[in-house]
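From a predicted model like this one, the values you see are computed outputs, not experimental measurements.
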Amino acid sequence: MNTRTVTNLFSVRRQMPAKSRFFVTIMSFLLPVLLWSLISYVPWLWHPKVEISDPGAVAYFKQGMLVDTELFDEETLKQEASGKALPEGRPANPIYLPAPHEVVVAFYTAFTTEPKRRSEKWLHESLWQSIQVIFWGFFLSSLVGVPLGILAGTYDFFSRLFEPFIEFFRYLPAPVFGALAVAILGIHEAPKIAIIFIGTFFQQVLIVSNTTRKLDPSLLEAAQTLGANNKALLLRVVIPGILPDLYRDLRILLGWAWTYLIVAELIGASSGITWFITQQARYKNFDNVFAAIMIIGIIGLTTDLILAALSKRIFPWQRSAAGA
């Protein structure tokens with residue numbers, strides 16, 4: 001790699017060449033997978049357990065059992081000293097760290113294999129329940145929070161009326177309202193939606209109001225010079241002017257909604273992707289646990305990429321400005 005290439009890669013506030021950007025983006029995913037693979041498949045890196053292949057003369061060892069390396073070595077020395085059959089095994093990781101290929105298999109089997117217990121649900125059923133909770137919680141939050149944020153960012157009256165209390169309330173953790181939400185709304189999906197609403201609404205008002213205040217003042221001055229009244233300034237200058245940034249803010253806040261989902265699904269009815277993960281962990285199906293966690297990330301990233309692609313179609317002038 002020559003000096004010019006290094007300069008192009010590490011120039012301050014300058015985009016890398018397209019090929020380099022694509023390569024580095026791919027590496028951001030490949031590096032964690034590579035580290036995970038090394039830990040899983042290279043025995044001398046980190047394998048604190050031994051998987052028993054032959055218990056030998058050790059009565060409580062069973063084939064396929066995982067034991068600590070120290071215990072295995074201790075029992076091997078005991079059997080060797082007494083002249084009995086030695087146990088055999090191979091280095092292995094704890095049960096909570098499945099290998100990448102096991103998780104890949106779980107991606108398929110979780111969707112195609114019927115749950116073994118009545119209390120368990122199919123993975124796609126759990127995902128669909130969680131997606132509905134996310135949608136309604138975030139939709140209701142945005143339905144109220146976005147208008148309030150725009151008003152607070154536009155008019156000092158609404159800023160003083162809303163923001164002091166919201167600044168106070170946003171420091172209260174949403175999960176503390178779980179018991180109250182169940183008492184008022186019951187044990188089904190409503191309290192989960194309420195937790196996501198509380199977790200995103202107050203932040204949303206403050207972020208949207210701050211975005212509204214960043215609107216170029218010269219646009220307002222020009223509109224006032226042309227005779228625009230307060231209503232026209234709000235509807236024809238402020239709202240159209242902040243739409244691209246508002247859209248970006250909502251994309252970010254949608255990620256917060258997924259974070260609050262995990263907390264929300266610990267209360268109320270036993271359903272959703274969090275319940276699926278909890279059940280699989282209880283029965284030590286950690287390959288399914290990893291698969292479910294990764295599916296959450298895949299859905300979130302895919303949703304964000306789709307929204308980003310749509311923004312280029314909805315706001316084409318932003319792309320032209322960025323290129324310039």
Side-chain angles (χ1 to χ4, degrees), residues 8-9 11 13-33 103-104 107-108 111 123-124 126-147 149-150 153 193 196-197 199-201 203-212 214-216 219 235-262 272-273 291-324:
N8 289 335
L9 292 178
S11 298
R13 300 296 296 273
R14 183 182 299 175
Q15 285 192 350
M16 296 183 295
K19 290 184 178 179
S20 299
R21 294 181 68 197
F22 178 77
F23 174 76
V24 174
T25 300
I26 296 299
M27 288 300 296
S28 72
F29 289 93
L30 291 181
L31 286 176
V33 174
V103 176
V104 170
F107 265 103
Y108 175 76
F111 286 102
L123 179 56
H124 65 271
S126 300
L127 275 174
W128 178 238
Q129 289 175 327
S130 295
I131 289 171
Q132 291 182 81
V133 170
I134 284 283
F135 173 81
W136 287 112
F138 190 69
F139 172 76
L140 294 173
S141 171
S142 301
L143 191 65
V144 182
V146 170
I150 293 174
I193 294 172
I196 293 176
F197 180 95
T200 57
F201 169 76
Q203 308 290 348
Q204 194 171 83
V205 173
L206 297 177
I207 289 174
V208 172
S209 65
N210 187 57
T211 295
T212 305
K214 291 180 180 179
L215 180 67
D216 189 352
L219 296 176
L235 299 179
R236 305 188 66 177
V237 180
V238 174
I239 294 178
I242 67 169
L243 277 180
D245 291 332
L246 177 61
Y247 186 89
R248 186 190 63 246
D249 290 342
L250 292 178
R251 282 175 52 199
I252 295 172
L253 287 162
L254 181 58
W256 289 13
W258 276 100
T259 301
Y260 280 106
L261 172 72
I262 305 304
I273 190 64
I293 291 172
M294 290 185 179
I295 286 173
I296 294 174
I298 290 170
I299 292 175
L301 179 61
T302 301
T303 303
D304 189 69
L305 291 175
I306 291 172
L307 293 175
L310 285 174
S311 70
K312 295 179 181 178
R313 301 294 298 272
I314 300 172
F315 312 112
W317 64 89
Q318 290 290 109
R319 181 171 49 183
S320 301

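With rounding to the nearest 0.5 Å, the separation of CD1 in Ile134 from CG in Leu127 is 11.5 Å. Ile252 CD1 to Gln204 CD: the interatomic distance, rounded to the nearest 0.5 Å, is 12.0 Å. Rounded to the nearest 0.5 angstrom, Leu253 CG and Arg248 CZ are separated by 11.0 Å. Atom CD1 of Ile293 and atom CD1 of Ile298 lie 12.0 Å apart (nearest 0.5 Å). Atoms CZ and OG, on Phe23 and Ser28 in that order, are 11.0 Å from each other to the nearest 0.5 Å. How far CD1 of Ile242 is from CG of Asn210: 11.0 Å, rounded to the nearest 0.5 Å.
Considering only residues two or more places apart in sequence or on other chains, Ser126 meets the side-chain hydrogen bond (donor to acceptor under 3.5 Å, both in side chains) condition with none of them. Remark: Arg21 engages Gln15 in a side-chain hydrogen bond (donor to acceptor under 3.5 Å, both in side chains) (not counting sequence neighbours).
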> Can you check side chain to side chain contact (heavy atoms under 4.5 Å, CB included) on Ile262 and Ile296, steps first, answer last?
Replying inline: CA-CA 10 Å; Ile262 305 304; Ile296 294 174; 4.2 Å; yes
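Listed here is the closest heavy atom pair of Ile207 and Trp256: CD1-CH2, 4.1 Å. Considering every non-hydrogen atom in both Pro147 and Ser142, the closest pair reads CD-O, 3.6 Å. Nearest heavy-atom pair across Leu123 and Ile295 is CD2-CD1, 3.3 Å. The two residues Ala257 and Ile196 have their closest heavy-atom pair at CB-CG2, 4.0 Å. Scanning all heavy atoms of the two residues, the minimum distance from Thr212 to Gly153 falls at CG2-C, 3.8 Å.
A side-chain N or O of Asp249 and one of Thr211 form a donor-acceptor pair less than 3.5 Å apart.
Put simply, the side chain of Trp258 does not reach to within 4.5 Å of the side chain of Thr303, judged on heavy atoms. The side-chain heavy atoms of Ile273 and Ile131, taken from C-beta on, include no pair separated by under 4.5 Å. Residues Leu307 and Tyr247 have side chains in contact (heavy-atom distance under 4.5 Å, counting atoms from C-beta outward). Contact of the Asp245 side chain with the Lys214 side chain is not registered, since no non-hydrogen atoms from C-beta on lie closer than 4.5 Å. Between Phe138 and Leu261 the shortest side-chain heavy-atom distance does not fall below 4.5 Å.
Within 6.0 Å of atom CZ in Phe111, more than 12 heavy atoms from other residues, nucleotides or ligands are found, so the atom counts as buried in its surroundings. Heavy atoms from other residues, nucleotides or ligands lying under 6.0 Å from CZ of Phe135 number more than 12.
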